[in-house]
Amino acid sequence: MKVVVDGVELDLPAGTSAIDAVFQSGGDVPYFCAHKYLSPVGACRMCLIESGSPRKNPDGTFVMEGEGDAATPKIFWFPKPMASCTMQATEGMHIRSAKTSEVVAKAQAGMMEFTLLNHPLDCPTCDKGGACELQDRAFEYGYGASRFGFDRRHADKHYPLSKYVILDQERCIHCKRCVRYFEEVPGQEVLDFIERGGHTFIDTEEGGLPTGFQGNITDICPVGALLDNVARFRGRNWEYDHTPTTCTLCPVGCSITVDARNGRLERIVAGENRDVNEAWICDAGRFGHSFASHDRLTVPLIRGADGQLHAADWDAAITAINRGLAGQNMDDLALYIGADSTLEEGLALESLAELTGTKHVDHWPRYEVNITAPAATLTDVATADLVVVIGADLGEEAPVLELRILEMLRGGLLPAEFDHGTAIADLRLIERPVRKPEKLVVIGQESGLWKHAGTRIPANGLSGLTRLATPDTDDLRAALKALEDAKAPVIILGADALNGASGSFASTVASLASRTGAKVMAIPAGPNSRGLAALNLVPRRGGLGYAQLAQAPAAFISRLDPGVKARGFTVVHDTHLTSTAQLADVVLPALTNYEKRGTTVNLEGRLLGLEQAALSSGEAADLIRTLSALAEALGVKAKVRGLRGAQTLAAAKFGLKLESVPPRGVIHPLPTATTAPTGQVHTPTLWTERMQVPRGDSARAEHINSLIGMELPMTAVQPGGDD
């Protein structure tokens, strides 16, 4: 359809909102209540435009103005400006924004004056300063002064909605984004407006906000009313180093931005990735980051003659490893790494394993089955007409996958994409959306998803799939029938189904998928265990797996904490002095995944990049550099000594172009995953013990004291004197 915006004719798809038409033309409209993934409601009245459309005569011809060939359809303009986020652009519509309309500019300035009527001028102290939509828009579209001279309303400024979210009632502008978020995304009606008129405030039900996805309201609040209590008062927006990267706490691989200040990780906010997490992250990913800057190992430790660990430098650590492994066959050294290691790190480990000839290689956690059925993406899940979840607790295994399933239940409407990005106001999204629980079948133990499912079948996770394939109850027979009748079904397999699964399980999955046309999403045990399994990082024939660590003659363990050491010399590479590190002979400081560059593979098989945030980590090193040092201690030359070398090897062996992974990631076929017995059961736990350690005021005071005495650049004599 043709739409004219500020004199520019555009060709837009049907259903486009007027606000998106303006942005598509390259123009701008201020807005506070609209949000890309929420229903448009026209609450803030800032996105005003003038609009007009042609009309038709009774005979179907257009009412024209002008004469002869110069005649054009007459545009009938609405008498007053209208909210563009709730208006659908139509064929032949003309739109004027503040760019070409004084009426719109004056109306928006007046609306801004009204919005600021009771809003406190907290900008010098508000945490949102520098990232506040109201502040920016007031500067761009406001009068710069108010005609109202009375005192502003006063309300509670430190009102806790939960342990993690603080509400400043004075700053709220009643845009209703937070209320709509809980209703429409996680499906929890826990927040609403209380009172009316000038006394309106938002509040939650008794007991506070539910943990899981509550932190997202701090991202979407356009002002400083809802604040992240973990990051509150830690810094101002312009003081942070912002690093877009990928979360590796679970296999979803959400896009996040890591905000660091003075070398400390102070805040994590959600990034947008339409294909993965849209604009949402879980509370663990947002609030569980304190460990990255708390009690870190910053130098190597060597066990001395007194039996205690002592600080050392890397040269001394390499010498100690060389001495400790003297007389040991290189192929006796077991190599075990965490499943959140990057592909580049996995390639470096595999390269060293080939060099030393060791059979004892493993990563953890992982499952010992390789599912070969057609793989589903997160978009497939969101747009499916039936999802069957078997043996999964998504709250612990992959929380954002639960949000994509809930998106499927409310119709699977994915916002359109324009040149300016995701549609700002998709008119198909509505408040209090109707959900269709009959599209969800849950088989297994009770979990957070249980209450949303139309069919709930208690069962053992491992046998759940077999029982679904050959149903023995009416519920299972109905579930199989629904699966067979669906046009785009997806089967999701979780830990209860995959723990202990064997090759026969994989063949049952493949057979069921082939029979029903379903795609399958098997949730990996670790954030990158899918990628590491494809690199062959499992025990070779006769090798000792991670569960047999205590039997290994010697071991190198990276970022795993089994609580035991190898039978002989043990080297631990970790970010903290874990219980395993306390048993080790040499401890090497490691980087967290917030401080690395590299690539991971999420539960879809999508390659996603990690970027390095500006955190203080002392002499800590990533796994590639550490393995190079280990190779030096062993007296061999590592083939992979850096990120570029690992990426070159990935391109040569697997055709992977890891150096050019796009920001939204890319699904790339991986080599067939290798499998081997694990010898133990994996129990997914999202909030690990170290993430739950509160960062006390004493630790912060200690950090501030450590800054005293720093030589700041502005203390030097500056030319120009006080000016």
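Every heavy atom of this structure was used, including side-chain atoms; hydrogens, water molecules and symmetry mates were not.
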Candidate pair Y37 and D426, rule side-chain hydrogen bond (donor to acceptor under 3.5 Å, both in side chains), full reasoning: CA-CA 8 Å; Y37 297 98; D426 189 329; over 6 Å; no

Verdict with supporting geometry, R664 and S255, side-chain hydrogen bond (donor to acceptor under 3.5 Å, both in side chains): CA-CA 8 Å; R664 283 163 60 169; S255 175; over 6 Å; no

Working for salt bridge (Lys or Arg N to Asp or Glu O under 4.0 Å), residues E595 and R296: CA-CA 13 Å; E595 304 155 65; R296 288 286 299 275; 2.9 Å; yes

Step-by-step side chain to side chain contact (heavy atoms under 4.5 Å, CB included) determination, V223 to K128: CA-CA 6 Å; V223 296; K128 200 77 170 185; 5.7 Å; no

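Looking at heavy atoms from C-beta onward, N602 lies out of side-chain contact with P251 at the 4.5 angstrom threshold. Two residues are said to be in side-chain contact when any heavy atoms from C-beta on lie closer than 4.5 Å; I268 and I281 meet this criterion. For the pair V29 and I424, the minimum side-chain heavy-atom distance is 4.5 Å or more. The shortest distance between side-chain heavy atoms of L413 and L429 falls below 4.5 Å. In this structure, the side chains of R171 and P120 come closer than 4.5 Å at one or more pairs of heavy atoms. By the 4.5 Å heavy-atom criterion applied to side chains, T16 and Q88 are not counted as neighbours.
Closest approach of L167 to I202, counting heavy atoms only: CD2-O, 3.4 Å.
By the 30° and 60° cut-offs, the orientation of the rings of W280 relative to H35 is parallel.
Under the 4.0 Å criterion applied to side-chain N and carboxylate O atoms, E407 and R404 are assigned as salt-bridge partners. Using a 4.0 Å cut-off between charged side-chain N and carboxylate O, E272 and K36 make a salt bridge.
Residue Y143 qualifies as enclosed at atom OH: its count of foreign heavy atoms under 6.0 Å is above 12.
Ring centroid separation for the pair Y594 and H289 does not come in under the 6.0 Å cut-off.
Evaluated for a side chain to side chain contact (heavy atoms under 4.5 Å, CB included) with L608, the options T599, T248, V661, N273 yield exactly one hit, N273.
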